[in-house]
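Chain letters run A, B, ... following the sequence lines, proteins first, then strands; residues in each count from 1. In this text, all values refer to a predicted model and were calculated from it rather than measured experimentally.
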Amino acid sequence: MSCFGDKSLIKVLFFAHLKERLGCDSLMLKAAPATVAEVRQQILEMHPNWRDDFESLAKLSAVNQTICDDNQLVETGDEVAFFPPVTGG
Amino acid sequence: MRQENLIQVQHDDFDISALYHFLQADNVEDGAVATFLGAVRAKNLGDNVTGLTLEHYPGMTEKSLNDIVVQARERWDINRVVIVHRVGALQLGDNIVFVGVTSPHRGNAFDACEFMMDFLKTRAPFWKKESTSEGDRWIEARDSDAQKASQW
C-alpha cells in the first residue's frame with residue numbers, strides 16, 4: 001500500500017536489526033495516537049508477537065526525521081520511525 | 001569569510017584529494033585544515049571481519065548531518081565543512097566516512113572535527129552489519145561512544 005500524500009494516516013518506519021526481526025519495514029496507522037508512546041502501544045496491539053523485539057530493539061524513535069522521546073506528540077500525516085541505537089562512523 | 005558545506009551520503013567511494021580541494025582551494029583565510037577518515041577494519045570483538053553493510057534512514061540521515069554542522073558552527077569559528085558517509089556493502093580497508101573542517105586556527109578545527117564525528121556516531125541514523133568468520137551480526141552501539149559525545 002502506498003501511503004505517500006495521504007494526510008489522514010501516520011506512516012511508521014522500522015530500520016536495521018529491528019526491521020529484520022519484525023520482517024517489516026513500514027506500516028500505516030489509521031487512528032491518530034497522540035504521542036510516540038501511544039504509537040508504540042497501537043503497533044503492539046496490532047502485532048502482539050512483536051513485543052520482545054520492540055522492547056529490545058526499538059530503543060530510539062524519530063518523528064518527522066528528528067530524534068524524540070516517547071512524549072513527543074504525533075499528528076496525522078507525520079512520519080514516525082523506530083530503530084536501534086545508531087552505529088555509523 | 002565564506003562558510004560552505006559539502007554533505008553527502010553515497011554508495012560510491014570518495015576521492016580524498018577532491019574533498020581536500022574543496023576545503024583548501026582559494027582559501028587563504030584559514031590556516032588550519034583538520035580531517036578524519038574512518039575505514040573498515042579487520043578485527044572487531046575478537047573476530048575476523050570480512051566486510052560490512054551500512055544501512056541508513058534516507059532523508060533523516062542528511063538532515064541529522066546538517067544539524068550536526070549547524071551545531072558545530074554555533075560553537076566554533078569554522079569555515080568550510082565536509083562530511084561524506086558511505087552506505088551499502090563495504091570491504092575490508094574501504095573508506096566509510098570523511099569529516100573535514102577549516103578554521104583560521106588549529107584548536108577550532110581539531111575540536112569541531114572531533115565533535116562532528118562524536119555526534120555523527122551517536123545521532124546520525126546509520127547502522128552497521130558486519131560479516132565475520134562467525135557469521136553476520138549487527139554491531140551494538142558502544143557506551144564509550146555515548147560517553148564521548150556527552151562530554152561536549
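- In this structure, no portion of A:Leu60 lies under 4.5 Å from any heavy atom of chain B.
- With a 4.5 Å cut-off on non-hydrogen atoms, B:Ser64 does not touch chain A at all.
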Set out, in order, the CA-CA distance, both residues' side-chain angles and the distance that settles ring-ring contact (aromatic ring centres under 6.0 Å, His included) for A:Phe82 and A:Trp50, then state yes or no.
CA-CA 13 Å; A:Phe82 295 99; A:Trp50 285 5; over 10 Å; no
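- B:Arg137 does not touch chain A: none of its heavy atoms, backbone or side chain, sits under 4.5 Å away.
- Between the side chains of B:Glu29 and B:Asn79, not a single donor N or O lies within less than 3.5 Å of an accepting N or O.
- Linking Ile, Leu, Val, Met, Phe, Trp and Tyr residues whenever their side-chain heavy atoms come within less than 4.5 Å places B:Leu120 and B:Val40 in a single cluster.
- With chain A as the partner, the residue from B:Trp138, B:Phe126, B:Phe36 showing the most heavy-atom pairs under 4.5 Å is B:Trp138.
- Only the side chain of A:Lys19 comes within less than 4.5 Å of a heavy atom in chain B; its backbone stays farther off.
- For B:Lys128, the parts lying near chain A are the backbone and the side chain together; criterion is any non-hydrogen pair under 4.5 Å.
- Looking at A:Ala62, only its side chain comes within 4.5 Å of chain B, counting heavy atoms on both sides.
- Most heavy-atom pairs under 4.5 Å with chain A: of the set B:Gly38, B:Ala146, B:Ala124, this distinction falls to B:Ala124.
- In this structure, B:Leu23 is not a member of the same hydrophobic cluster as B:Phe110, with clusters built from ILVMFWY side-chain heavy atoms closer than 4.5 Å.
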Pair B:Trp127-A:Phe83, ring-ring contact (aromatic ring centres under 6.0 Å, His included): steps then yes or no
CA-CA 9 Å; B:Trp127 300 274; A:Phe83 43 82; 5.2 Å; yes
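- B:Arg80 has no carboxylate O lying under 4.0 Å from a charged side-chain N of B:Asp30, or vice versa, which leaves the two without a salt bridge.
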